[in-house]
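Down below is the structure, laid out as structure tokens.
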Amino acid sequence: MPRPTVAQLAYGACTVVFSTLAMLLLSQTSSGAGIAVIALAALALGLLVAMTVPAPRARDTEEAAGAAPKERRVPTAL
């Protein structure tokens, strides 16, 4: 499994924080079990969001790094 990108980590973390706050405010729970269920649901949702963010393709990262695409490279004579 490839490593997650910075964007995937950011989207997942924001999802966890905001969904936890929203669920806690909407449910108005004060029990420990309710808070634990909400926290687990928020973590699962954050993981789902982080894994569904599309990862950049290899060709896009090569062009963004400034390297010329392979089709345009010209060999030099010795």
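Small disclaimer: the values here were computed from a predicted structure and weren't measured. For reference, positions follow the sequence shown, starting with 1.
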### Query
Under 4.5 Å between side-chain heavy atoms, hopping through other hydrophobics if needed: is there a path connecting Ile35 to Met23?
yes

Shortest non-hydrogen contact from [X] to [Y]?
| X | Y | result |
| --- | --- | --- |
| Gly12 | Ala50 | CA-CB, 4.0 Å |
| Pro4 | Leu9 | CG-CD2, 4.0 Å |
| Arg3 | Gln8 | O-OE1, 4.3 Å |
| Ile38 | Ser27 | CD1-OG, 3.3 Å |
| Gly46 | Val16 | CA-CG2, 3.7 Å |

### Query
Roughly how far apart are Leu43 CG and Leu48 CG, rounded to 0.5 Å?
12.5 Å

